[in-house]
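To start, the structure itself, in structure tokens.
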Amino acid sequence: MSILRKRGDFVESEQQLARRHARGRVVLSVFQLATLIGVIVLVVLLLTIIKNSFGYSAVQNEVDPESLAVNGIPLESLTKSQLATILQANVSAGLFARFEHDQPIAERDAANIYDLIQEHVIAPEVEESWNLYDSLTKKDQILVLMNEQYPDAELQFLSWVNWDFVRSQQSSHPEIAGVRTAILGSLWTISIAIFFSLPVGVAAAVYLQEYARDNFLNRIIQTNINNLAGVPSIIYGILGLAIFVRAFGAFTSGVAFGAADSSTANGRTILSAGLTLGVLVLPLIIINAQEAIKAVPNSLREAGLGLGASRWETVWAHVLPNSIAGILTGSILAVSRAIGETAPLVVIGASTFIQVDPDGPFSKFTTLPAQIYQWTVRPQGAFHNIAAAASLVLLVLLLALNATAIVLRNKYSRRL
Amino acid sequence: MNKTYLRLTVRKPSLNAPIVASQSDPNAKVPVQQMPDLRRRPRLRELTINGFLFLCGFLSIFITFGIVYELGKESFLFFRNRQWSSTNKPLAADINPEQTVFEVEASGTPLQTDMNYRIEGEIIHIDAIDGTSLTVQRGFDDSQPAAHRAGLTLEAELRPNLLEFITGTEWAPHNGKFGILPLLTATLIVSGVAIVVAVPLGLATAVYLSEYASPRAHNTLKPILEILAGVPTVVYGFFALTFMTPLLRSIFGADTVNIYNMASAGIVIGILILPFVSTVSEDALSAVPRSLREASYALGATRLETALRVVVPAAFSGIAAAIILAASRAIGETMVVAIASGAGPNFTFNPFEAAETMTGHIVRISGGDMSYNSVDYNSIFAVGLMLFVMTLILNVISQRIVRRFREIYE
């Protein structure tokens with residue numbers, strides 16, 4: 001489309017101009033549509049997760065909880081000793097002995113015994129679950145289907161994500177499984193990752209911005225950091241497997257410190273996972289911190305040096321305090337990426353099934369995203385429901401982190 | 001940063017001494033005024049801090065070295081690894097340790113020259129085959145030549161070589177099939193689909209946000225796209241499996257589209273890298289100075305003509321870099337393919353079929369309790385090395401493009 005038409009004169013006709021503007025409007029609407037697609041996908045993504053987190057389920061109980069009620073008092077409000085009696089009466093002696101062995105019943109609290117009753121006595125099983133959309137629009141069909149296929153089961157409208165879900169431990173029954181172990185695992189690994197990578201990353205950024213001369217070695221370091229930021233996360237998983245799990249297995253499993261138990265001696269521990277995530281976010285933290293330090297005006301440094309402060313004193317008293325907001329914001333963004341990372345943790349061996357809360361860096365681990373992955377790849381429908389519920393929990397966690405980052409940025413960024 | 005430091009040049013006090021002395025009797029004991037020692041002292045604290053900061057910076061080199069070393073070492077072991085598979089071809093007669101020409105039966109799979117075979121513990125190397133008669137070197141690879149009885153079968157050596165690794169169309173390391181092509185094609189198809197989805201959408205979004213959107217629209221849409229970039233990839237995997245796959249199956253038919261398929265994973269990865277393409281391209285577009293746009297408007301160009309013929313070409317290097325970086329992301333993306341694209345290598349070019357990518361393979365193999373020094377363990381390093389090299393090349397190219405073709409407007 002040439003602006004000047006070959007008409008013998010250089011005057012464009014009204015129609016041609018109109019055509020050009022019409023084309024502009026058409027393409028503009030294409031652009032707007034394309035932009036809108038991103039928004040639509042985000043909405044659909046959230047709806048898909050929400051849709052799978054709620055809905056009707058056909059639940060079949062092994063024992064009706066109402067039949068366990070004592071003197072008309074429902075199970076939830078019974079005392080600990082009453083619950084213990086019910087538990088003993090309804091499970092086999094061997095199983096009860098195992099509970100006693102794991103932790104004496106006398107030391108357990110009422111909530112714990114209630115969980116045991118839920119899992120082993122009532123043992124609810126979801127025969128089939130429907131998503132929120134179907135539950136709202138096709139309730140009649142669901143009722144018909146229920147009567148035909150599961151006459152004994154009870155139709156319940158379940159919110160898969162609820163307080164019990166966040167609070168309870170992992171289980172092989174989706175209806176009582178929770179993400180507590182996974183959340184604790186995520187928090188442990190992330191803490192270790194931050195503990196390692198934040199000081200090192202900020203120090204490296206200070207070196208590159210404030211100390212490094214423009215020579216060959218420093219240019220190599222800078223290029224190298226930029227390249228490391230582009231390495232796929234799964235490669236870090238392989239690195240962690242080879243180095244932290246295998247080569248330094250004695251340290252990461254705690255054997256070297258005499259802190260290990262036999263179950264974790266293979267190095268697939270929280271410590272290995274945390275260090276791997278730390279290495280993974282290190283380049284991101286360095287790059288973000290560099291940007292923040294770059295934004296500190298030079299006049300501040302010159303003032304510090306001019307008053308006779310040494311270079312480190314200038315950095316410590318002027319550069320760092322004035323860039324701390326940017327450093328924190330960048331680090332939080334890096335950390336929220338680390339929280340969502342799954343692949344490296346699966347490679348270094350997130351456990352598929354643990355019911356014990358992690359109690360230190362040498363415990364076995366699973367994390368929230370790893371748990372979502374394991375539930376997603378299971379074929380049973382109810383596991384997809386709890387995978388969606390766990391995704392909601394993860395998104396809320398990330399949202400909280402990002403909100404913190406924004407608050408921090410707004411609070412500190414006005415000081416300059 | 002522009003580093004300017006005040007340099008103090010101080011004369012040593014000893015140089016001052018004669019001057020002081022000349023003012024009075026040279027032999028008299030003069031109370032020389034103590035000059036402050038202004039020499040540059042080694043600042044121990046500063047040096048230590050400097051050293052520590054340098055080490056932190058240098059750690060990244062160690063990490064890279066660690067990656068390259070571990071990937072290289074275990075990949076080397078992968079290529080050194082050998083397995084034996086039975087050919088079902090028995091010896092026709094007893095042989096003694098010195099015999100280098102002997103007969104085998106006609107049954108079993110055919111033998112090949114210049115290959116290693118094993119009979120019991122001994123390894124032989126076949127130099128020539130004449131019908132059923134073999135000419136061999138005995139006691140190959142430090143094994144001991146020994147007598148063997150008739151009826152013992154030969155086992156063929158399976159050993160990955162680089163040529164087979166790159167050209168072989170079957171990947172089953174524990175069965176002696178070492179061709180990475182199925183994993184590679186699956187990776188390329190998934191990333192190809194992702195690029196086809198992400199680039200047009202991302203570019204259109206970038207042009208709209210940078211050239212058309214009002215500040216208000218910009219400030220609303222930009223954070224939404226950033227949220228899209230912040231969603232964990234495993235959630236995208238769930239989305240691919242529970243939304244995108246059923247959608248594709250309802251559009252193209254459940255017979256055409258497999259439950260696990262590359263197209264679904266590719267489209268979702270495309271959505272995942274879309275914010276990446278649009279953000280980096282938008283930065284490149286906004287860096288084009290206003291004067292170019294104004295010049296274009298002054299010549300009578302419409303907004304669209306200005307955007308597509310002036311601004312986009314001026315920002316081309318940045319856009320190209322964004323696309324290449326996005327491709328590198330797509331290749332390295334793991335969880336979506338691990339969940340939605342299927343388990344098991346499959347040499348196919350049909351995006352609606354299930355096929356495992358390189359990253360998906362690594363996750364699946366390492367998911368269980370894997371024993372070290374097994375073929376599987378070594379194979380994930382060989383695949384990882386391939387992945388690392390591919391993404392590294394893409395990243396370096398994109399950095400080069402940015403550096404070399406950056407238009408500098410003043």
Side-chain angles (χ1 to χ4, degrees), chain A residues 3 20-21 23-24 27-28 30-32 34-35 37-39 41-42 44-45 48 52 200 203-204 206-208 211 221 224-228 230-232 234-235 238-239 241-243 246 279 283 298 305 310-312 336 340 342-343 346-347 369 372-373 376-377 384 387-388 391 394 398 402, chain B residues 1-2 5 43 46 49-50 52-54 56-61 63-64 66-67 70 201 204-205 207-208 212 221 224-225 227-228 230 232-235 237-239 241-243 271 274 300-304 328 332 334-335 339 359 362-363 366-367 372 380-381 384 387-388 391-392 395 399:
Chain A
I3 293 173
R20 278 170 57 205
H21 279 293
R23 190 174 306 170
V27 178
L28 171 61
V30 171
F31 286 164
Q32 281 170 327
T35 313
I37 286 181
V39 181
V41 168
L42 182 65
V44 171
L45 176 75
T48 309
N52 283 293
V200 173
V206 167
Y207 172 75
L208 287 171
Y211 284 80
I221 293 181
N224 184 42
I225 288 173
N226 292 344
N227 278 328
L228 276 184
V231 171
I234 193 163
I235 300 285
I238 297 181
L239 179 76
L241 178 67
I243 296 204
R246 197 179 170 194
V279 172
N298 233 350
L305 293 171
S310 71
R311 213 186 302 183
W312 172 247
S336 56
T342 323
V346 174
V347 171
I372 296 172
Y373 169 59
T376 305
V377 294
H384 283 185
S391 300
L394 180 61
L398 287 176
N402 284 309
Chain B
M1 147 192 157
N2 184 16
Y5 302 105
R43 291 165 158 170
E46 290 285 315
I49 290 171
N50 197 345
F52 171 73
L53 295 177
F54 172 74
C56 288
F58 198 72
L59 183 68
S60 71
I61 301 274
I63 295 174
T64 312
I67 293 178
E70 283 296 337
L201 286 181
T205 308
V207 172
Y208 176 72
Y212 288 93
L221 291 171
I224 293 180
L225 288 175
I227 295 178
L228 211 52
T233 54
V234 67
V235 177
F238 180 80
F239 177 65
L241 190 67
T242 57
F243 178 82
I271 293 162
L274 188 156
T302 63
R303 232 175 169 182
L304 173 73
S328 149
T334 310
M335 289 330 285
I339 291 172
T359 50
I362 296 174
V363 162
S366 56
Y372 307 135
I380 67 169
F381 287 82
L387 188 65
F388 179 70
T391 51
L392 188 69
N395 290 346
Q399 283 173 15

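In this text, all values refer to a predicted model and were calculated from it rather than measured experimentally. In the text below, chain A, chain B and the rest are named by the order of the sequence lines, each starting its count at 1.
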Revision key, fill the gap. One should read off an interatomic distance between Arg23(A) CZ and Leu304(B) CG, to the nearest 0.5 angstrom, of 8.5 Å
Point to revise | Atom group of Ile67(B) that falls short of 4.5 Å from chain A, counting heavy atoms | key: both
Point to revise | chain B interface, residue from Leu228(A), Leu398(A), Leu394(A) that has the most non-hydrogen pairs under 4.5 Å | key: Leu228(A)
Study note, to complete from the structure: Closest non-hydrogen atoms of Arg43(B) and Ser310(A), given as atom of the first, atom of the second and distance, are NH1-CB, 4.1 Å
Practice item. Just give me the residue among Thr391(B), Thr233(B), Leu274(B) that pairs up with chain A most often, heavy atom to heavy atom, under 4.5 Å. Key: Thr391(B)
Point to revise | Leu228(B) portion near chain A, given a 4.5 angstrom heavy-atom threshold | key: both
Review point. Hey, mind stepping through Ile238(A) and Phe388(B) against side chain to side chain contact (heavy atoms under 4.5 Å, CB included) and telling me if it holds?
Key: CA-CA 11 Å; Ile238(A) 297 181; Phe388(B) 179 70; over 6 Å; no
Check your understanding: Under a 4.5 Å heavy-atom cut-off, does chain A meet the side chain of Tyr212(B), its backbone, both or neither?
Key -> side chain
Review point. Using non-hydrogen atoms only, which part of Phe58(B) is less than 4.5 Å away from chain A: side chain, backbone, both, or neither?
Key: both
Practice item. Select one option (side chain, backbone, both, neither) describing which atoms of Leu201(B) are under 4.5 Å from chain A's heavy atoms. Key: both
Practice item. Side chain from CB out, backbone as N, CA, C, O: work out which of these in Leu392(B) comes under 4.5 Å of a heavy atom of chain A, or both, or neither. Key: side chain
Review point. Hey, which of Asn226(A), Val206(A), Leu28(A), Asn52(A) has the most heavy atom pairs under 4.5 Å with chain B?
Key: Leu28(A)
Check your understanding: In terms of heavy-atom pairs under 4.5 Å with chain B, which of Ala387(A), Ala34(A), Gly24(A) leads?
Key -> Ala34(A)
Revision key, fill the gap. Ranking Ala388(A), Ser336(A), Pro283(A) by heavy-atom pairs under 4.5 Å to chain B gives rank one to Ala388(A)
Exercise for review: Measure Leu241(B) against the heavy atoms of chain A and call it side chain, backbone, both or neither at under 4.5 Å.
Suggested key: side chain
**Study point:** Contacting region of Ile235(A) [heavy-atom separation from chain B under 4.5 Å]
**Key:** side chain
**Study point:** Pairwise side-chain contact, Ile37(A) with Val41(A), heavy-atom cut-off 4.5 Å (strictly under)
**Key:** yes
Revision key, fill the gap. Turns out that what part of Ser328(B) lies under 4.5 Å from chain A's heavy atoms comes down to side chain
Revision key, fill the gap. Heavy-atom closest pair (Phe381(B) atom, Glu70(B) atom, distance to 0.1 Å) is CD2-O, 3.7 Å
Practice item. May I ask you to name which of Leu225(B), Leu59(B), Ile362(B), Leu221(B) has the most heavy-atom pairs under 4.5 Å with chain A? Key: Ile362(B)
Exercise for review: In sequence, state the C-alpha distance, the side-chain angles, and the governing distance for Ile221(A) and Ile225(A), and then conclude on side chain to side chain contact (heavy atoms under 4.5 Å, CB included).
Suggested key: CA-CA 6 Å; Ile221(A) 293 181; Ile225(A) 288 173; 4.0 Å; yes
Review point. Hey, which of Asn402(A), Ile243(A), Leu45(A) has the most heavy atom pairs under 4.5 Å with chain B?
Key: Leu45(A)
Check your understanding: If you tally heavy-atom pairs under 4.5 Å against chain B, which of Ile372(A), Val346(A), Ile234(A) wins?
Key -> Ile234(A)
Point to revise | Check against side chain to side chain contact (heavy atoms under 4.5 Å, CB included), Tyr211(A) and Trp312(A) | key: CA-CA 9 Å; Tyr211(A) 284 80; Trp312(A) 172 247; 3.5 Å; yes
Check your understanding: Side chain, backbone, both or neither: which part of Ile49(B) has a heavy atom under 4.5 Å from chain A?
Key -> side chain
Practice item. Spell out, as yes or no, whether a donor-acceptor pair under 3.5 Å connects the side chain of Thr342(A) to the backbone of Gly340(A). Key: yes
Exercise for review: With sequence neighbours excluded, tell me which residues meet side-chain contact (heavy atoms from CB on, under 4.5 Å) with Val279(A).
Suggested key: Phe196(A), Tyr236(A), Leu239(A), Phe244(A), Ile63(B)
Revision key, fill the gap. Heavy atoms of Asn224(A) and Ser60(B) approach each other most closely as ND2-O, 3.0 Å
Revision key, fill the gap. All heavy atoms of Glu46(B) vs all of Arg311(A), minimum pair found to be OE1-N, 3.7 Å
